[in-house]
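Residue numbers start at 1 and run along the sequence shown.
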Amino acid sequence: MAEFKTAMITNIGKKLLTDTLAGKARMRFYCIGIGDGSYDGTEDLSVMTELKSQKQKVFLSSVSKESYNCVKIKALISNESLTEGYYMREMGLYVVDETNAGNTPVLYSVAVAEKADYFPEYNGKVPVTILQEYYATVSDVANVDIYINDDTYTLFEEFEEFRNFVNNTVYIEAKNKDGGNADTVDGY
């Protein structure tokens with residue numbers, strides 16, 4: 001299993017976070033990029049604006065709050081679009097500023113592998129998938145959003161959580177509407 005060093009927030013990521021805190025921007029997590037760029041340990045990751053050799057981009061599946069200033073982001077990486085395998089040596093989290101008309105994604109943070117895994121090309125039969133968790137430091141502000149693309153995979157555990165939320169919400173609303181009797185609520 002690949003092992004990544006602690007992610008480094010880029011200068012452009014710090015600026016966007018600072019602008020968000022000041023109310024001048026609205027930061028939205030967008031996607032994770034994965035690549036095979038090589039690093040010798042002397043690079044200043046904070047000045048990066050893109051990965052060295054990005055091979056894939058995957059949209060985010062979910063985000064959850066881990067602490068007052070850290071979120072856990074999940075993305076499902078699949079090899080179905082790969083015609084050539086690669087070593088997963090670099091990973092970057094991209095964000096956009098929703099107040100910017102261009103909405104161009106910027107590299108928020110970068111993580112470099114200590115031990116890289118080989119991600120094979122698609123064999124035409126069974127795809128290889130990896131559930132990637134990425135921890136990002138943010139501030140406890142309301143102006144940070146997560147972008148979920150229509151092409152994003154939904155994880156079963158997250159679907160179950162959503163279904164339970166909907167069922168509980170319907171039950172509570174039905175209980176409130178008929179004076180406390182919610183025995184006839186249909187659920188899944």
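- Within a 6.0 Å sphere centred on OH of Tyr122, other residues, nucleotides and ligands contribute more than 12 heavy atoms.
- Not a single donor-acceptor pair under 3.5 Å links the side chain of Asp19 to the backbone N or O of Lys24.
- One hydrophobic cluster, built from ILVMFWY side chains closer than 4.5 Å, holds both Phe119 and Met91.
- For the pair Val110 and Thr10, the minimum side-chain heavy-atom distance is below 4.5 Å.
- Side-chain N/O atoms of Tyr94 and Gln54 include a donor and acceptor closer than 3.5 Å.
- One hydrophobic cluster holds both Phe29 and Leu17 under the rule that ILVMFWY side chains link at heavy-atom gaps under 4.5 Å.
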### Full working for side-chain contact (heavy atoms from CB on, under 4.5 Å) between Glu121 and Thr83
CA-CA 5 Å; Glu121 68 277 359; Thr83 57; 5.6 Å; no
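- Linking Ile, Leu, Val, Met, Phe, Trp and Tyr whenever their side-chain heavy atoms come within less than 4.5 Å puts Ile12 and Ile9 in one cluster.
- Between Leu60 and Ile32 the shortest heavy-atom distance is CD2-CG1, 3.7 Å.
- Residue Pro127 comes nearest to Asn79 through the heavy atom pair CA-OD1, 3.3 Å, listed as atom of the first residue, atom of the second, then distance.
- Of all non-hydrogen atoms in Tyr118 and Gly85, the two that sit nearest each other are OH-CA, 3.3 Å.
- By the 6.0 Å contact criterion, NZ on Lys15 is open, its count of non-hydrogen atoms from other residues, nucleotides or ligands being 12 or less.
- From Tyr30, atom OH reaches atom NZ of Lys57 across 4.5 Å, with rounding to the nearest 0.5 Å.
- Under the 4.5 Å side-chain heavy-atom criterion for grouping Ile, Leu, Val, Met, Phe, Trp and Tyr, Tyr39 is connected to Met8 within one hydrophobic cluster.
- Under a 4.0 Å N-O distance rule, the pair Lys5/Glu114 does not qualify as a salt bridge.
- Using a cutoff of 4.0 Å between basic side-chain nitrogens and carboxylate oxygens, Lys52 and Glu43 are scored as salt-bridged.
- The environment of Glu133 atom CD is dense: over 12 non-hydrogen atoms of other residues, nucleotides or ligands sit within 6.0 angstrom.
- Ile34 pairs in a side-chain contact (heavy atoms from CB on, under 4.5 Å) with only one of the listed residues (Val58, Ile130, Leu51), which is Val58.
- The heavy-atom pair separating Phe59 from Ala75 by the smallest distance is O-CB, 3.8 Å.
- With rounding to the nearest 0.5 Å, the separation of CE in Met88 from CG in Asp117 is 7.5 Å.
- Taking every heavy atom of both residues into account, Glu90 and Asp36 meet most closely at OE2-N, 3.7 Å.
- By the 6.0 Å and 45° rule, Lys74 does not stack over the aromatic ring of Tyr134.
- No continuous path of ILVMFWY side-chain contacts below 4.5 Å connects Val112 to Ile73, so the two sit in separate hydrophobic clusters.
- The closest donor-acceptor contact from the side chain of Asn123 to the backbone of Val126 lies under 3.5 Å.
- Taking CE from Met27 and OG1 from Thr18, the interatomic distance works out to 10.0 Å, rounded to the nearest 0.5 Å.
- Judged purely by distance below 3.5 Å, without hydrogens or angles, the side chains of Gln56 and Tyr86 pair a donor atom with an acceptor atom.
- Taking each heavy atom of Leu76 and Ser61 in turn, the nearest pair found is N-OG, 3.6 Å.
- Contact of the Val106 side chain with the Thr49 side chain is not registered, since no non-hydrogen atoms from C-beta on lie closer than 4.5 Å.
- Leu107 contributes atom CG, which lies 9.5 Å from atom CG of Leu45 (distance to the nearest 0.5 angstrom).
- Between the side chains of Glu66 and Tyr135, no donor-acceptor pair is found at a separation under 3.5 Å.
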### Task
Carefully, step by step, assess Ser38 and Arg89 under the rule side-chain contact (heavy atoms from CB on, under 4.5 Å).
CA-CA 7 Å; Ser38 293; Arg89 294 189 185 107; 4.0 Å; yes
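- With values rounded to the nearest 0.5 angstrom, Arg28 atom CZ is found 5.5 Å from Asn103 atom CG.
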